[in-house]
Each structure stands twice: as structure tokens, then as C-alpha cells.
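A short worksheet on the structure shown next.
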Amino acid sequence: MALPQYNSSVMFPQTPEALQNITLKLGAPADDLLSAAAESSTTLKQLADSAFSHLFERQLYPVTSEMNEALDKAHARFVTEKIMPPTPFMTQSRKWLLSCYQAGRQQVMEQEKDSRISHRQAVIGIEAHVSKTALEHLDRVSFRQMHIRKTHTGKYLLCRIMTYPYRVYSVHILVEDVDGDACPMELYNYPGTIGANSQLVDALFPVGSILAIREPTLKSAAHGGKPLLRVDCPSDVIWLEPDDEMLVGVKWKTGDQVPDSPELPSTEEEWKKQGNSHYQKGWCIPAAVLYGRGLQRFPSSAVLRLNRAMAYLQLDYYEAALSDCEAALDFKEALGSLKPKALYRAAQALYGMGRWNEAERKFAETATEYPAQATDCQSWIKRCKDRKIEATEGKYDWAAAYRAAQVPGCRMDLADFTGPVKVASLPSRGGGRGIVAKRNIKFGELLVVSKAFISCTKNDYANPELCSFTNFIKYKGEVSYGAVAATKVAERIAGSPNAADAVEQLYAGPSNSLPPSKYSIAPSGKVDVARLLQFNRDVDIRRIEAVVNYNAFGTQSLQPSNFLIERVEAEELDARSLFLLPSLFNHSCLPNAFWYCLGDVMIIRATCNIPAGDEVFLSYGAEGDSYLSRGEDSYFRLLGSCNCPLCVRDRQAGESVCNQREQISTDVESCTTISAVLSHIKKLEETFKGYASADQYSMFMANEQLANLYISNSNIDDGLRTLFKRLEYLGLKVTDTSLRGPLPGSSQTTLPIKLTAIGGSYAGKLLGQSGVDLCLYISNAFGEDFNDQIRASKWRLSAEWLHDKSYGGGTELFTARYYEGAD
């Protein structure tokens, strides 16, 4: 596969030292690059491009000793910064800073014209202060009163934007204080900035805007030690209108007006026109801000309120949209012809909030009162009825949902469902909670359907971007869309303040306070978000980052199978998503439940029968032949050792036995003869004494090698017998192992397999993919090699049965995944 093209111009290093630092992080041979530059006229820009190409030649997952070394160096630098004493703010030339910002913005705008994937760098998990003191209780401070490497608690900085900002990973804004001193500001995790181009950044941060930064922190820039105002928590930024009472008596040294400041609208119509201009470009956050600012001046404007409601609907701020619609409906005299819009959008808001009955009634009311809306309303009424059935009965059209999920960027329209499980207090667990069965649960039963709270994907970017980041929470380097997960959460909280409660109640690791033993989310109700981006609660971005790292899932939507039809799969990073209820499932390497995704929706099903009162576990994805290799997973390095029954059993077997198992498993992969594989399998069996068949993953894989060799040598009989054995290592019992002749009496009316694993098993998560594929392979062998259509049909039905237990959807979903697209 050809490598995509990457663009490093945004992160273009300005010095050889900066290049060396970047190339170290990327694992690129910095010394070779620099010596090549000395021998030729190669520019640093070209060298940077070479460095980024070197990164992505490593298949988007650069985990190298150089990166680990760079991680250690970065950590050491932060530790050193922490113990260094504060130093006074150093004034810098305004003219020089302005020219730097103009050059930086121009460089970014040139990069935005480039079709190549741009690469960004970030650091997450470093210490950051979040102010919890209201602005009116803080005292004003100026830059000259501030110190580098200090958080100025009890203070706020009054400043304004001097020139057009630009976005690299953070948003770079040049600000000045009342005394005219200028300083660069880097604003992180701010709503609306993910993937934002320069025009959108301008709309979010207009030149001349006045800001109050609560309890500001000055840091030294990475190169040169110059002062830098760093803001990590978006709630620390307070937007002030020019006529705000806090500005009474304030005299800006450089004049009342900043050059290039946009002129504020003076009429209701002008506010609407500017807001509509942003909305039509898809810039819903700045559009909502403008509508809100207009409402501060024209509070009875129904059109501004309903336009903001529409922007809120697009942002999934359903509670705020409902508040605006109901407020508009109260303006009966001013509403006039806008009433059908108010009713219709209120119904949409109720639908988005999951209040299906109320939404249905509101759509019906709208259709009755305004017949012109009837057709659209009837479509919504049907959707309300479908969602109610899903939410109360767990009945979904899985085949239709699967097909919808194949559309890139699809936002799934499915209701959440909670089946026969509940959250229970489990003091022995790290988070103090877990999920238990409310009653006896059967194999394949639907347990949970959950819409993602936030999801980070490539579709967040109009222009292609990737971010490599140093993650101090996991203490590793990563390349992922998940670098912006905390920003996504902050963006959600900006318009749905109550959503903060849902996140704050999730486990955030041992360095943060424990969540409550009970998990309860208040029913959604209308919320008045009078001025979007003016947070009415503090956003602790570091706790949010920890929550995301401990709870987010790397998700990929259920794909068409490649078993019968060869399909081209795009090589790309998975989405990174945070789900609420699924985050409360604890891990086991012997899970009794399995999860998969359709778009941004997670579905969880039981992989075996689960008695009432038993805890329900998921596997967080650790793979390996023993606790040694499974423990290398980054999640377990984060949590510590796993104490599930399988890992305990491995430790009881001993490290030497586990090492032997790991080595044999590796050796089997290179075996080219049947006798060699059989010899290794015999040795491997010795390392699994006392283990259940379904927990012997190495044996499952070793027998794959054996089956392939049998079949490649035209020994179909022994190949099939080996495939039967592989199914038993998945926790299945093959009840009919006959290859020829009449079917045994008991097999004439039953399937040739059944589930035998009791309780959770390592193989449980493999049933839906490996188990189905094995059954289909056996079916094809009987049909094509033996011309036995009866047995072929039974094994195909076995595949369909196993697929239904794993994914639901019956014949229709099975056919869609395995046969749609075939000639």
C-alpha cells in the first residue's frame, strides 16, 4: 500500500536544535539528517518533512527506543521546570511579536492549502491549574506583576486579542494587557477548535475581544525561555463585552480600539445576519455565540433565539435548544410566523434528549396545527416509536444499523438500552463499582446499547490531520485521534453543563479522588446556555484527561467480512470514544461479555450463560499467551497487574512455564512441516495443565498452523479434524465430527456445535469472528471438497447461529456482512 503524504509545515522547526528534538521524538536518525544538511543545501523544512515521513513509514504506530528516550527527557524537563524558582515577566517587543504571529499565521494558511496530511504534536497529562474562584472574587494583575513558572492564584489577567490568531495543536493568540505589554498565549482544549481552519479560528477569537483569564499561569517557552501564557482549562477564559461593568474605568494604554477589530452589529437584523453567515459555513459554535450576544441586547428576539436553538441542535446541545424554543414560545406576540419552527425544533430537542413520548406528542401537535409540516413530522413520529421500542424492549433493526454504519462519518440514530444488568458497589474493584447480572442471563443476550459520549475520528477534520503526543498519564508516545478527547469532553460540557456530572463520576486513576460508589445521572432537562463558551462550572481538564485515558475505547465499527469476498480495507487509526455505562464494566482476561461498535454506538452481549448476581466483565483488549505478554499492554501498565482468574492461574504455573509457552508459540509460527508443528503442540500442551480448553489461546493458534499445513498438503480429512479441535479451544463442543456417510441420528435435526464453556473464557471474545469463520470454512470444505451439501448446510447454519449470538440481527445481518457484494 502506498504511503499517504504528510505535511510538517505547521510544526516546522526553526533551528537545528529544534529539529533534533523533534526527530528524537519521532525515532528518526537526527544525526544523519543534520549531517546531510551540512553537506547539501537541504532546508530544515525538507528535513522536517523527511522526519515525519520516517514516522509514518512505521505504520502510524511509532513505538521506538528513541521515543521512549524522548519521553524521559520531556519528563525530566517538566520536573526541572517545576523545581526552578519563578522569574519576573520579561517584556518583549510588540512589533517583533506581531511580525512573528503574522508569519506564523501565514505559514498555517499556506499549509491549509496543502492536500497532504498535516502532523501535530502535543503533550497531555502534565500538571495544570484549574481556577475554582469566581471572577468577581479575584484581583486584577498585569504582566509586569507576574512571574514565569508561577500560577497567580487569587488574580485575574485582563487582556485583549491583538492580531489574528492561528492554530497548530493549541490556538496561538497574541494578547496585550491594559498597560500595553504583549505576550503569546497558547490556549488548549477549547471548544470548536478541533480541525479548525484559520477562518474559523478568526470567528472563534475575533481581534479585539476582551478576555479575563482566571488565575493565569506564565510558563517559559520550550526554546529560548521567553514568557508564555498557557491556558489549559477553557473555563478559565471569561469573555467580556465592551460595556461590561468590570471594564468601567479601564483605560487601555494602546487605545480604545485594536486595529482590524470587527465592528459590532447594532441591530437585531445585523446580529442575525452575522450569525447566519457563520451557521451557513457550518461554524455552529461561533454562530451560537453571535446569536447569544445579540440576545443580550435584544432579549425578546424570537428569531435570534430560534436560530441559536438550531445551532444548538447541530451541536447536540439538546437541553439548551429546548430552553431556547420554550422561551421563544413564551414570546407569543413576537413569535408570529415563527411558531411552527419553535414547535418543530422543540420536538427535535426532546428527541435528542431521549424523551421519546414527549417528542412524539410535540411532533403530533405541530403536524395538527400546521399541516404543511405534517409529512416531516410523521417521519419523526415513526422514529420516536422505533426509539421507544429499542429503549424499552431492546429490539433493533441490526441489519439496517449495520448498513448505516458503513457510511463514513455516520452518526447513528439508535436509542440507548440497558438490559438485565445494573451498577453495583464493589469495594474490591479499583473504581469501587462494577456491573452485575440482575437475573440469569443467557448466552448471546443483549446487555447494553450505548451511544458514545464523545468520539474522536478522522471525520473531525476538514483537512487531514494526525497528532502524535507524549502521554504522561500512560507514560508513552502515541499517534491517535484521541489526543483531542479532552477537548471533545470540554466542548460537550460547554453546551450541556450537566454532562460534567456524568464524566466526573467515572474512574480517573489512583492519583485522583475516587468516584462515588453509585453511578447516577440526573434526567436531562432544559438548560439555559445564555452565552455559549461562558462556562457556568469549572472544567478540570486534567481529571478529564485521566478519565479519558482510563475509560476510553479504541473503537472500529463492525466491518464487512473478508471471508468470502476479498475487500480492500483502509489502513487507518481507529476512533477513540468515551462511553458512560460501558466504562463501568471491569476487565477480565476471561470475559463473560463481548463488545463491538456500529459507528459511534457500542453493543454489549453475553458470551456465555451468566447467573444472577455474578459480575459481568469485558476484556479491555489485552492479547497474549500468558500474563507476561498480556501485561505489556499499555492499559495494564496503567492499572497495574491483572488479577483475573487466568492471570492468577498463569502466575501459579510460574514465570518459567509462561516463558516456555511464549517461546513455543513463537516457534510454531515458523514451522513448515506437520511433524514439527505436532511436536511443538505436544510441548505446548504441557504448559496448559489444569487450564480449560477455552483459555488455551496458544493451542488455538498453533492448531491453525497445523490445519493450514494439512490442507496445503491436500489432507482435507485431518485438516477438518484440526478445525474441529480449534472450535473446542473456543469453548464449543463439536457434536458431529463425522466426515462422510449418513449423519448420526442425533445430528439430523440439530446443529453440529454447542457452547460448552461455563463462565467467562479467554476465547469468548473470539466467537463472533474466528468461530463464525471456522464454521464457514468447514461448510465450504464439505460443499466443495466432499460435495456433501447436507453437512455444508448444517455448518453454514452453525455459522449463522454463532454470528447471531455474537452480533444479533439474525439471517439478515449475517448475509449483509458475509454475502452482500458477492457476484
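Hydrogens, waters and symmetry mates are skipped; everything else that's a heavy atom, side chains included, is used. We number each residue from 1, following the sequence as shown.
- Across all their heavy atoms, L684 and A702 have their closest contact at CD2-CB, 4.0 Å.
- For S693 against E728, the heavy-atom pair with the smallest separation is CB-O, 3.7 Å.
- A distance-only check finds a donor-acceptor pair linking the side chain of S670 to the backbone of D667 [under 3.5 Å].
- Note that the OG1 atom of T607 and the CG atom of L767 stand 7.0 Å from one another [nearest 0.5 Å].
- Two residues are said to be in side-chain contact when any heavy atoms from C-beta on lie closer than 4.5 Å; F594 and Q769 fail this criterion.
- Annotation: side chain to side chain donor-acceptor pair (under 3.5 Å) contacts of R576 (sequence neighbours excluded): none.
- Across L598 and A401, no two heavy atoms sit closer than the pair CD1-CB, 3.9 Å.
- Y762 places none of its side-chain heavy atoms less than 4.5 Å from the side chain of Q696.
- Atom CG of L678 has more than 12 neighbouring heavy atoms from other residues, nucleotides or ligands inside a 6.0 Å radius.
- In this structure, R726 and M701 have side chains that are in contact, with non-hydrogen atoms separated by less than 4.5 Å.
- No donor-acceptor contact under 3.5 angstrom links the side chains of N708 and E704, judged on distance only.
- In this structure, W595 has its ring center no closer than 6.0 Å to that of F585.
- Without hydrogens or angle criteria, N440 side chain to A612 main chain gives a donor-acceptor distance under 3.5 Å.
- Residues R791 and S738 bring a donor and an acceptor atom of their side chains to less than 3.5 Å of each other.
- Note on K794 versus D736: no salt bridge recorded, every NZ/NE/NH1/NH2 to OD/OE distance being 4.0 Å or above.
- Looking only at side-chain heavy atoms (C-beta outward), D718 and I674 stay at 4.5 Å or farther from each other.
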Inset, instruction - Please report the C-alpha distance between D614 and N592 in whole Å, then the side-chain angles of each, then the deciding distance to 0.1 Å, and finally whether the side chain to side chain donor-acceptor pair (under 3.5 Å) criterion is met. - result: CA-CA 10 Å; D614 275 16; N592 50 11; 5.8 Å; no
Inset, instruction - Apply side-chain contact (heavy atoms from CB on, under 4.5 Å) to the pair L578 and L506, showing each step before the final yes or no. - result: CA-CA 11 Å; L578 178 66; L506 295 179; 4.2 Å; yes
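- Here the shortest heavy-atom pairing between Q406 and P560 reads OE1-CD, 3.4 Å.
- Judged purely by atom type and a 3.5 angstrom limit, E615 has no side-chain atom pairing as donor or acceptor with the backbone of G434.
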Inset, instruction - Determine, step by step, whether V479 and F469 satisfy the side-chain contact (heavy atoms from CB on, under 4.5 Å) criterion, reporting the C-alpha distance in whole Å, the side-chain angles of both residues, the deciding distance to 0.1 Å, and the verdict. - result: CA-CA 6 Å; V479 177; F469 58 102; over 6 Å; no
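- Not a single donor-acceptor pair under 3.5 Å links the side chain of S761 to the backbone N or O of L590.
- N586 places a side-chain N or O within 3.5 Å of a backbone atom of R433 that can act as its donor or acceptor partner.
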Inset, instruction - For the pair I610 and E445, evaluate side-chain contact (heavy atoms from CB on, under 4.5 Å) and give the outcome as yes or no after the intermediate values. - result: CA-CA 10 Å; I610 305 173; E445 194 167 346; over 6 Å; no
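- Between Y697 and Y729 the shortest side-chain heavy-atom distance does not fall below 4.5 Å.
- With R661 as reference, T687 is the one residue of T666, T687, D625 to meet the side chain to side chain donor-acceptor pair (under 3.5 Å) rule.
- A parallel orientation is assigned to the rings of W795 and F782, their planes being inclined by less than 30° (bins at 30° and 60°).
- Minimum heavy-atom separation, Q789 to G783: NE2-O, 3.3 Å.
- With E820 contributing its side chain and Y818 its backbone, the two residues share no donor-acceptor pair below 3.5 Å.
- Side-chain atoms of C608 and L755, non-hydrogen and from C-beta on, do get closer than 4.5 Å to each other.
- Note that CE of M412 is 7.5 Å distant from NZ of K451, once rounded to the nearest 0.5 Å.
- Residues satisfying the salt bridge (charged side-chain N to carboxylate O under 4.0 Å, His left out) criterion with R651, sequence neighbours excluded, are absent altogether.
- Looking at residues two or more places apart in sequence or on another chain, you find a salt bridge (charged side-chain N to carboxylate O under 4.0 Å, His left out) between K689 and E686.
- A distance of 8.0 Å separates CZ in R411 from CG in D600, rounded to the nearest 0.5 Å.
- Between the side chain of D773 and the main chain of S770, no donor-acceptor pair closer than 3.5 Å is present.
- A salt bridge between D650 and R630 is present, with a side-chain N of the basic residue lying under 4.0 Å from a carboxylate O of the acidic one.
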Inset, instruction - Apply the test side chain to side chain donor-acceptor pair (under 3.5 Å) to residues N659 and Q663: give CA-CA distance (whole Å), side-chain angles for both, the deciding distance (0.1 Å), then the verdict. - result: CA-CA 6 Å; N659 276 322; Q663 186 59 54; over 6 Å; no
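- Taken from OG1 in T418 to CG in L447, the straight-line distance is 10.0 Å, to the nearest 0.5 Å.
- Panel note: side chain E662, backbone S626; a donor-acceptor pair is recorded below 3.5 Å.
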Legend entry - From CA spacing to verdict: side-chain contact (heavy atoms from CB on, under 4.5 Å), S619, H587: CA-CA 5 Å; S619 170; H587 165 80; 4.0 Å; yes
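- In this structure, NE2 on H680 lies 10.5 Å from OG on S675, to the nearest 0.5 angstrom.
- Of the residues listed (R605, K765, M602), the one engaging Y596 in a side-chain contact (heavy atoms from CB on, under 4.5 Å) is R605, and it is the only one.
- Atom-to-atom distance recorded for L730:CG and L774:CG is 6.5 Å, nearest 0.5 angstrom.
- Between G599 and S557, the shortest heavy-atom contact is N-OG, 2.8 Å.
- Within the 3.5 Å criterion, the main-chain N or O of G409 finds no donor-acceptor partner in the side chain of K458.
- Taking the six-membered ring where tryptophan is involved, the planes of W398 and Y396 are essentially parallel, since the angle between them stays under 30° and well short of 60°.
- Counting only heavy atoms from C-beta outward, the side chains of Y402 and R817 approach each other to under 4.5 Å.
- Residues H119 and S468 have side chains in contact (heavy-atom distance under 4.5 Å, counting atoms from C-beta outward).
- Without hydrogens or angle criteria, Q556 side chain to C597 main chain gives no donor-acceptor distance under 3.5 Å.
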